[in-house]
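Any value given below was found using the heavy atoms of this structure, including those in side chains, with hydrogens, waters and symmetry copies removed. Each chain gets a letter, A, B and so on, in the order the sequences are listed, and its residues count up from 1.
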Amino acid sequence: MKFTCHKNVILKEISIAQDIISSRNSLSILSNVLLEAEDGTLKIKATDLKVSFETQIPVDVSQAGSTTVFCDKLLGILRSLPEGDVEFNLTNDRLLINPVFGKINFQLKSIGSEKFPEIKEIEDDKYFELPQQSFIDMISQTIFSVSDDETRYFMNGVYLEHQEGSLSMVATDGRRLSFIKKELHNEINDFEAVIIPTKILHLLKKLSSGEGNLYLAVSEKNIFVKFDNQKISSNLIEGQFPNYSRVIPEHQEFNIVVSKKDLIEALRRVSLLVEQKSRRIYLTFATGTITLNSEESEIGVAKEEISCDYEGDGLTVALNYLYLLEPLKVIEEEEITIKFTESNKAISIISVPEKDYFHIVMPMQLD
Amino acid sequence: MTQNAGKGFGTGEKSIINVMHDPENNSNRDTFSSAKVFFHVDMDAFYASVEQSDNPEYRGKPVIIGASPGKRGVVSACSYEARKFGIHSAMPISQAYARCRNGIYLPVRMKRYQEISRQIMEIFDDFTPEVLQISIDEAFLNMTGTEKLFGSPTEAAEKIKLTIKEKTNLNTSIGIAHNKFLAKLASDHDKPDGLYEVQKGYEIDFLNSIKLGDLWGLGKKTLILLENINITTVQELRAVKLRDLKHITGNSSGEFLFNIVRGVDPGIYSGKIKKPSVSNEITFEEDTENSELIKLTILELAHKIFFRILESGEKGRTVQLKLRFTDFTTVTIRETLEYSVNSGEELYKLAVKLLEKKWDGLTAVRLIGLGLSSLESNKTPDQIELFPNTYDQARKVEQVVLDIKKRGSKLTKASLLKHTRDDS
């Protein structure tokens with residue numbers, strides 16, 4: 001195998017490959033990246049056995065072939081090289097890396113590509129098309145609500161569900177929930193609802209250009225995504241996602257409209273003095289104002305009043321301020337509606353005007 | 001921080017308290033006249049004494065209770081006669097046997113000890129409404145204001161000792177002081193068959209007479225830490241400034257030590273003190289690689305621990321599992337959760353996850369320990385759950401079981417039944 005390409009072109013892809021490779025498996029085939037040169041194209045593959053990544057870049061191939069090398073070091077080498085074209089040459093189980101200009105010579109030991117785990121594939125007709133931006137929006141609105149508690153493994157991913165003409169995503173950690181539903185105009189191949197691990201979703205968010213379409217396929221155990229020149233797949237989380245529709249409040253008593261920016265800024269200030277383990281902050285809604293305050297502690301206390309659109313009796317709720325702040329950060333509109341009924345019932349956070357997503361937060365005990 | 005001081009501070013003591021309170025000042029002494037009176041009642045060599053009482057032929061002989069010689073296991077308890085051979089509880093049974101071949105080796109008859117224990121606790125109920133049982137053979141009695149009924153504290157204690165002797169034929173040691181911490185130390189003072197009162201004003205003298213390592217709550221590690229800086233007596237420890245203590249042993253330990261060497265109750269058995277962890281371990285009679293048995297043992301440990309947690313009104317977030325393999329290599333693994341463990345069931349599941357990380361399923365296991373730490377009061381702010389939590393329900397069930405158990409009934413989780421041993 002022998003090919004030449006510009007350092008920056010291959011560097012970008014190898015750094016994505018390294019993101020996928022599990023760093024714990026040092027010096028096994030799983031810490032290697034697969035390189036396959038043929039017909040003017042270099043295929044790059046990496047996997048941690050759960051998430052797999054494949055991409056193609058145009059290179060100048062003078063001899064077809066394939067091999068695998070330690071990805072971490074390949075990345076380090078590429079980063080260190082000066083700008084310009086680099087020649088890669090496989091001889092005697094060693095990958096020789098030489099910049100075309102300069103007297104630099106790296107040799108990486110290789111492992112034959114036949115040892116590389118097979119990456120799962122799915123038939124082309126299983127894929128359906130949707131706008132990249134829609135899918136990225138769905139991920140952004142939900143992913144932060146996923147639970148990282150391994151004992152609740154079925155909440156460690158985002159729930160993807162197909163309904164007539166739409167896709168919805170739901171994430172919850174059992175204390176708050178984020179929901180988004182996108183109406184789609186393309187035809188969707190029907191699939192059973194699945195729980196997608198966050199790793200592939202973070203990766204998609206990072207790699208997607210947001211332009212054009214992506215192609216999605218869901219099988220019983222895996223999800224496959226194709227976009228631009230890249231293919232990413234992941235296993236799914238097996239388990240029963242909670243029956244989320246039951247906890248979405250049908251009707252809530254009170255509506256409060258408030259500026260998102262005012263609320264974020266007040267939360268950032270008051271949370272400075274909130275006890276950081278429980279993160280409990282108090283919000284008191286009264287006619288025209290929301291008062292945010294921390295608990296009095298050894299350090300001190302913080303209080304801030306912001307104006308809002310609300311008429312009604314004073315009512316106080318306590319909640320984890322992050323559960324309020326995180327949805328606010330992903331809501332794009334400038335105003336939000338907070339809906340609630342009682343101090344121990346779910347609170348909804350909705351954008352104004354209402355869009356295709358909402359967030360639900362359970363409060364904390366008041367004292 | 002309040003200090004109970006009186007006359008009798010060690011000579012030459014230059015502690016903060018001396019500045020705050022004039023030891024000879026009578027008005028200061030007066031504050032003690034309304035002080036509380038606590039008894040710590042501790043049965044002498046309880047298991048062994050029960051055996052000796054039930055079997056008169058064992059009296060005056062070294063009785064060792066625990067595993068039988070030749071088998072794996074440790075001494076659970078032993079009589080004073082056995083202690084003369086250097087035998088003590090937790091000693092491997094093989095060592096005990098090497099020291100005393102003519103001893104009487106008996107299995108643990110937990111049911112019988114519990115029966116006697118209940119009898120004794122009932123006796124206490126006749127003396128005060130405020131009985132705090134802290135183990136099978138120990139209790140605190142709040143005897144404040146009982147002088148008119150039973151006479152001076154010493155007289156009352158004599159009566160309790162006599163009643164127990166009459167009804168169960170067992171000897172008791174009682175410590176009397178104005179707080180539980182000192183009372184507990186005092187019950188050890190004249191053991192066995194002891195009675196010792198820490199007089200008001202003489203707390204410091206009393207503490208000075210105690211070996212540093214015998215202070216309640218002062219663990220081996222702290223002891224070594226202190227020895228390293230040449231602190232080997234209570235007096236020497238008292239001379240260390242709070243600030244320095246905190247620096248040496250950490251903030252909460254420092255404050256704890258500062259208090260106890262001054263006779264101030266750090267809050268033992270009142271829920272005030274933060275216990276670092278609740279844990280329990282079991283040594284298998286024979287090393288085992290049977291994963292069913294190992295998991296059952298974990299289940300048993302998880303439930304035991306959780307009942308203790310429920311009883312103390314606490315909750316914990318760090319689960320730790322200890323495994324000792326057949327070659328005596330010992331591993332521990334811990335995991336700290338973002339939320340607290342809700343039930344014995346959940347603790348079990350978490351522990352099995354840890355087991356799977358550290359055990360290859362092949363190596364024989366000798367000992368399993370399970371612990372729950374990062375304990376805090378159950379009353380810390382609670383996040384309301386979105387979904388009805390199955391573990392929450394489990395916790396409620398376990399609370400009910402605990403209440404039933406407290407009333408004296410025996411309840412065991414079905415999957416533990418065939419596995420239940422006499423000591424559970």
Please classify the contact of [X] with chain B as side chain, backbone, both or neither, using a heavy-atom distance under 4.5 Å.
{"X": "A:L319", "answer": "neither"}
{"X": "A:D173", "answer": "neither"}
{"X": "A:R176", "answer": "backbone"}

Could you tell me whether the side chain of A:R152 reaches within less than 4.5 Å of the side chain of B:F387, counting heavy atoms only? no
Return yes when atom [atom1] of [X] has more than 12 non-hydrogen atoms of other residues, nucleotides or ligands closer than 6.0 Å, and no otherwise.
{"X": "A:N243", "atom1": "CG", "answer": "yes"}
{"X": "A:E333", "atom1": "CD", "answer": "yes"}
{"X": "B:R334", "atom1": "CZ", "answer": "no"}
{"X": "A:K355", "atom1": "NZ", "answer": "no"}
{"X": "A:Q276", "atom1": "CD", "answer": "yes"}
{"X": "A:K50", "atom1": "NZ", "answer": "no"}

To the nearest 0.5 Å, what is the distance between [atom1] on [X] and [atom2] on [Y]?
{"X": "A:I360", "Y": "B:L386", "atom1": "CD1", "atom2": "CG", "result": "6.5 Å"}
{"X": "B:I384", "Y": "A:M364", "atom1": "CD1", "atom2": "CE", "result": "9.0 Å"}
{"X": "B:L337", "Y": "A:D148", "atom1": "CG", "atom2": "CG", "result": "10.5 Å"}

Distance-only, no hydrogens or angles: does the A:Q365 side chain make a donor-acceptor pair with backbone N or O of B:Q383 under 3.5 Å? no
